[in-house]
Amino acid sequence: MRSIPSTWLHTKQVGRQIAYFEEIDSTNLEAKRNQERVDGHGMVFLAEQQNQGRGRMGRNWVSPKGTGVWMSILLKPEFPTTQASQVTLIAALAVADAIKKVAGLEGMIKWPNDIVVNRKKVCGILTEMGVIEDKIQYLVVGIGINVNTEEFPEEIRATATSLKIEGDKVIERECLVAEILNSFELYYEHFCTDGDLSRLTKYYNSILINKGKKVKIVGNLKEDSFIGEAIGIDELGRLLVRLEDGTIEIIVSGEVSVRGLYGYV
Ligand code: BTN
């Protein structure tokens, strides 16, 4: 990937330092290895290829050479650990903005943090944090986007897609990265000032693909699973699900996975 021209960035801190790698195990791992020596906030780690790309719930993230955006943003937040998962939702909004602006496609969000285009996944986000004595030492927001991918491995072909496949044109990855960082910093500032997602909830719900749909909430234990209608997120980024008897369950991300009743969304 070419380096991002600094004039494309409208940020104060996010992306003002970027480390580029031809090949790496995982940009999230690299950000974590560097977190102690980096004092500033918003350093970005970008790779052409990841050999051990990591996904949520211990899954792999396929990250072939030259076709995607594999990046991690290193943050040093002041807020309490309980708020960390909300940053993932902010990143999802920033990616949806960039996809719209650069590729002209309507990205929707599958709660909490998959971006889908035409009902297939183009982007996943993995946020990891380090905590010492109940305080966040660092937060790493890892973003993986299938940009110019032409073909996917058999196992994910039914649910994965790329911006190139959906929009039928090659996308400049550098533009996408710059736009993500621009939106991310703005939303992150709102979030830090407000202490919650109140300024972003309406926008998030407007592109939430689960909204008004039946979803299956799958917990760690089989008996924790249930079906309901997703209503939207609240200002803490939790998913509200209406059960058949009218009661509302509040779902916190990280503890569960959300599935559509008839497939991925
Ligand atoms: C998911 O949907 O399971 C999350 C996928 C996150 C992938 C990105 S790619 C850049 C960063 N480095 C990693 O190893 N993972 C994240």
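Counting starts at 1 for both ligands and their atoms, in listed order.
Where the criterion is an N or O separation shorter than 3.5 Å, residue side chain and backbone included, R59 fails it with respect to ligand 1. For ligand 1, none of its N or O atoms has an N or O atom of W61 under 3.5 Å away. In terms of N/O distances under 3.5 Å, ligand 1 is approached by S26. Backbone and side-chain nitrogen or oxygen atoms of K121 are examined, and one is located within less than 3.5 angstrom of a nitrogen or oxygen of ligand 1.
In this structure, the side chains of K120 and I165 stay at 4.5 Å or more apart for every pair of heavy atoms. Counting only heavy atoms from C-beta outward, the side chains of S3 and E174 never approach each other to under 4.5 Å. Side chains of N34 and R37 form a contact here, defined as non-hydrogen atoms less than 4.5 Å apart. Two residues are said to be in side-chain contact when any heavy atoms from C-beta on lie closer than 4.5 Å; F45 and R33 fail this criterion. Taking the side chain as every heavy atom from C-beta outward, W111 and L208 approach each other to under 4.5 Å.
The residue among R54, K110, M57, E128 with a heavy atom at the shortest distance from atom 16 (C) of ligand 1 is R54.
Checked for salt-bridge contact, E229 and K213 miss the test: no charged N lies under 4.0 Å from a carboxylate O. The existence of a salt bridge linking E22 and K65 is confirmed by a sub-4.0 Å separation between a basic side-chain nitrogen and an acidic carboxylate oxygen.
Listed by atom number, the atoms of ligand 1 under 4.0 Å from Q50 heavy atoms are 9 (S), 10 (C), 11 (C), 12 (N), 13 (C), 14 (O). Less than 4.0 angstrom separates some heavy atom of T27 from each of these atoms of ligand 1: 10 (C), 11 (C), 12 (N). Listed by atom number, the atoms of ligand 1 under 4.0 Å from G55 heavy atoms are 1 (C), 3 (O), 4 (C), 5 (C). The contact set between ligand 1 and G53, taken as ligand atoms under 4.0 Å from a residue heavy atom, comprises 14 (O).
Looking only at heavy atoms of the protein, atom 8 (C) of ligand 1 is closest to G144 N, 3.6 Å. In terms of protein heavy-atom proximity, atom 3 (O) of ligand 1 is closest to R56 N, 2.6 Å.
Residue contacts with ligand 1 for I143 involve N, CA, C or O but no side-chain atom from C-beta outward (heavy atoms, distance under 4.0 Å). At a heavy-atom cutoff of 4.0 Å, ligand 1 is contacted by no atom of N113, backbone or side chain.
Looking at E151, E172, E150 one by one, the single match for salt bridge (charged side-chain N to carboxylate O under 4.0 Å, His left out) with K164 turns out to be E150.
Remark: side-chain polar atoms of K121 are not paired, donor with acceptor, to backbone N or O of K110 under 3.5 angstrom.
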